[in-house]
Participant: 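This is the structure, below, for whatever I ask next.
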Amino acid sequence: MWKAAQRLMSLLLLVIITAPAAAEETSTRSVLQLSIEDVIGPATEDYITRAIESAPGEQAGLILIRMDTPGGLDSAMRGIIKSITSSPIPVVTYVAPTGSRAASAGTYILYASHIAAMAPGTNLGAATPVKLGGSGQPGDEKPASEQESDKPDPGKSASERKAINDAVAYIRGLAELRGRNAEWAEQAVRQAASLSAGEALEKNVIDLVARSNTDLLQQLDGRKLDVLDQEQVLNTRNMPVKTRNPDWRSRLLSVITNPNIAYILMLIGIYGLIFEFSNPGAIVPGTVGAIALLLGLYSLQLLPVNYAGMALIILGIALMIGEAYQPSFGILGIGGVIAFVFGSIILIDTTAPGYGINPGVIAAFALSSVLMFVVVVGLAMRSRRRPVVSGMEQLLGGTGKVITVDDHRATILIHSEHWQAVSDQPLQPGQRVRVTAAEGLTLTVEPLNESTH
């Protein structure tokens, strides 16, 4: 009996000691708020992934992602989803404010989150892989009774059907993981279906509709979640919100992974190196070109690049250089421009919104390339064919006047300079001579006949 009492007293003492610490730990936990406000790409993935990984060390009790996106790259989307599904801290994705959307890749991220929430007046859906283009346009939907998703669609190629089936399997798996409507998720992929916030709540696509962050946290308070096979109870009513904006690294990555910027950096790098090789010692073109080319190649390796497009761009530049060095009545130049333009158009292997190269940028660089290689390089080549007007080469064949003679050695005046000279023939002071060779600082000369003087 006495031992049982001692155990009870020890347990009570332990509770009294640890309770304040536990309460303090709970009170210090906060909501880490992130944001996705544009096209989802490598910079977005880097920003979200690093924030989720660092959240446990920042005593975050909840990760809140406010989202408004038209979609983005599949690779970046999948990287974000992997971070969400492996996070030990619950992740809430909230489509807000009013007027926002979670289209395409945003729908997948919403399905992957532990809690999916939307503000009134927002929408989600249209999750068909965008590279397929033309499928799932408004008005193309068929009733569920007419759908034959298990039969091949004669209007789609094998690669298109493969991409759609992969996307369907992926989003259905996310729906089953979170207990959400898998049938509508498949419609969002196959038929580009979309839903408003109210309809999404009715169809069990999302978990709740909230008007603001405050309303969202109040509705989340006390909710039980399964996080990595462990039950967690949210205590969010008075939890402070800490906003983390993209840091300099994410902002830099966002700039250089813009397809237009990456394209410009790559071309500046190529042109800079070409000028450096054609004019050794200029230094500035080579330095700037090397830096720009490395940044451009780093950006392109993060983007879905079509290597056939890259090859066409390089071929086009090579043909334009060939036109400058070996004029072909425009054949090489025209072919180079055509290859350059077509390569630029197909360089980025995706039709994701915001990830195409602006046609104006392509046209500007095509015209500038023609001018640069045909005019500038052409002028440089013509200048190289002109006679040398300075240096040792200019002395060969030049004529001068003998100043002094000492046996077979003499001092001559040529181009206002005194040079030591030797000759196989006798020389006389005041005699005109021609330079036939040069060895070091000594010239070999021959006297000029009076008839050629």
Participant: Before accepting this row, confirm whether a basic side-chain N of the pair D46/R50 lies closer than 4.0 Å to the acidic partner's carboxylate O.
Facilitator: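 Counted as a salt bridge, because a side-chain N and a carboxylate O are separated by less than 4.0 Å.
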Participant: From L64 CG over to K242 NZ, what is the distance, rounded to the nearest 0.5 angstrom?
Facilitator: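 The NZ atom of K242 is 15.0 Å from CG of L64, to the nearest 0.5 Å.
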Participant: Checking L295 now: which residues fulfil side chain to side chain contact (heavy atoms under 4.5 Å, CB included) with it, not counting sequence neighbours?
Facilitator: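 With neighbours one apart ignored, the set is L265, I291.
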Participant: For residues 222-229, which side-chain N or O atoms pair as donor and acceptor with protein atoms under 3.5 Å away, sequence neighbours left out?
Facilitator:
| unit_1 | atom_1 | unit_2 | atom_2 | d |
| --- | --- | --- | --- | --- |
| D226 | OD1 | D229 | N | 3.1 |
| D226 | OD1 | Q230 | N | 3.2 |

Participant: What I'd like to find out is whether the side chain of L32 reaches to under 4.5 Å of the side chain of L34, using heavy atoms alone.
Facilitator: yes
Participant: Out of I115, L110, T122, N213, which one pairs with Y94 under the side chain to side chain contact (heavy atoms under 4.5 Å, CB included) rule?
Facilitator: N213
Participant: Whether the side chain of Y47 engages the backbone of I36 through a donor-acceptor N/O pair (distance < 3.5 Å, no angle test) should be reported.
Facilitator: no
Participant: How far apart are the closest heavy atoms of P120 and A197, and which atoms are they?
Facilitator: CA-CB, 4.4 Å
Participant: Between L195 and I206, is there a side-chain heavy-atom distance shorter than 4.5 Å?
Facilitator: no
Participant: Who passes side chain to side chain contact (heavy atoms under 4.5 Å, CB included) against A175, sequence neighbours left out?
Facilitator: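 Expected list: Y111, A182.
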Participant: Given side chains that start at C-beta, do those of I317 and Y271 come closer than 4.5 Å, heavy atoms only?
Facilitator: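 When only atoms from C-beta onward are counted, Y271 and I317 do touch, with a gap below 4.5 Å.
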Participant: Is any side-chain heavy atom of V31 closer than 4.5 Å to a side-chain heavy atom of V92?
Facilitator: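 V31 does not reach V92 side chain to side chain.
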Participant: Where do V189 and A167 come nearest, in terms of heavy atoms and distance?
Facilitator: CG1-CB, 3.7 Å
Participant: List the atom of A290, the atom of L273, and the distance in Å for their closest heavy-atom pair.
Facilitator: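 Here A290 and L273 meet closest at N-CD2, 4.1 Å.
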Participant: Could you tell me the separation between the CD atom of Q219 and the CG atom of L234, rounded to the nearest 0.5 Å?
Facilitator: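 That separation rounds to 12.5 Å.
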Participant: If every non-hydrogen atom of R190 is compared with every non-hydrogen atom of I164, which pair is closest and at what distance?
Facilitator: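 Between these two residues, the closest heavy atoms are NH1-CG2, 3.7 Å.
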Participant: For a 4.5 angstrom cut-off between non-hydrogen side-chain atoms, does I40 reach L73?
Facilitator: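 Counting from C-beta outward, I40 and L73 never come under 4.5 Å.
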Participant: Check side chain to side chain donor-acceptor pair (under 3.5 Å) between T49 and all other residues, then give those that pass, not counting sequence neighbours.
Facilitator: S83
Participant: Classify the side-chain pair N245/R251 by whether it contains a donor and acceptor separated by less than 3.5 Å.
Facilitator: no
Participant: Please check this pair: side chain of D207 against backbone of A116, looking for a donor-acceptor N/O pair closer than 3.5 Å.
Facilitator: yes
Participant: To the nearest 0.5 angstrom, please state how far the OG atom of S104 sits from the CG atom of L124.
Facilitator: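 It comes to 11.5 Å.
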Participant: Sub-3.5 Å donor-acceptor pair from the side chain of S87 to the main-chain atoms of I84, do we have one?
Facilitator: no
Participant: For I357, which residues count as a side chain to side chain contact (heavy atoms under 4.5 Å, CB included) partner, sequence neighbours excluded?
Facilitator: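 Residues passing side chain to side chain contact (heavy atoms under 4.5 Å, CB included) with I357: P259, N260, Y263, L347, I348, I362.
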Participant: Does any N or O in the side chain of R29 come within less than 3.5 Å of the main-chain N or O of A60, such that one atom is a donor and the other an acceptor?
Facilitator: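 Yes; at least one donor-acceptor contact below 3.5 Å.
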Participant: Ignoring hydrogens and angles, tell me if any N or O in the side chain of T107 forms a donor-acceptor pair with the backbone of A102 under 3.5 Å.
Facilitator: yes
Participant: If we count only N and O atoms by modelled type, under 3.5 Å, do the side chains of S250 and D247 hold a donor and an acceptor together?
Facilitator: yes
Participant: I want to check something: taking the side chain as every heavy atom from C-beta on, are P56 and P88 in contact at a cut-off of under 4.5 Å?
Facilitator: yes
Participant: So, taking the atom named CD in E37 and the one named CZ in R66, what distance separates them when rounded to the nearest 0.5 Å?
Facilitator: 8.5 Å
Participant: Check for a donor-acceptor pair, side chain of H114 on one end and backbone N or O of V91 on the other, with a separation under 3.5 Å.
Facilitator: yes
Participant: Less than 4.5 Å apart, side chain to side chain, heavy atoms only: is that true for T85 and R178?
Facilitator: yes
Participant: Determine the minimum heavy-atom distance between P90 and G61, stating which atoms define it.
Facilitator: CD-O, 3.9 Å
Participant: Atom OG of S299 and atom CG of L253: how far apart are they, to the nearest 0.5 Å?
Facilitator: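 Output value for this atom pair is 7.5 Å.
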Participant: Who passes side chain to side chain donor-acceptor pair (under 3.5 Å) against T98, sequence neighbours left out?
Facilitator: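 Side chain to side chain donor-acceptor pair (under 3.5 Å) list for T98, sorted by chain: empty.
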Participant: Kindly give the heavy-atom pair with the smallest separation between I268 and A292, and that separation in Å.
Facilitator: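 Nearest heavy atoms, I268 then A292: CG2-CB, 3.9 Å.
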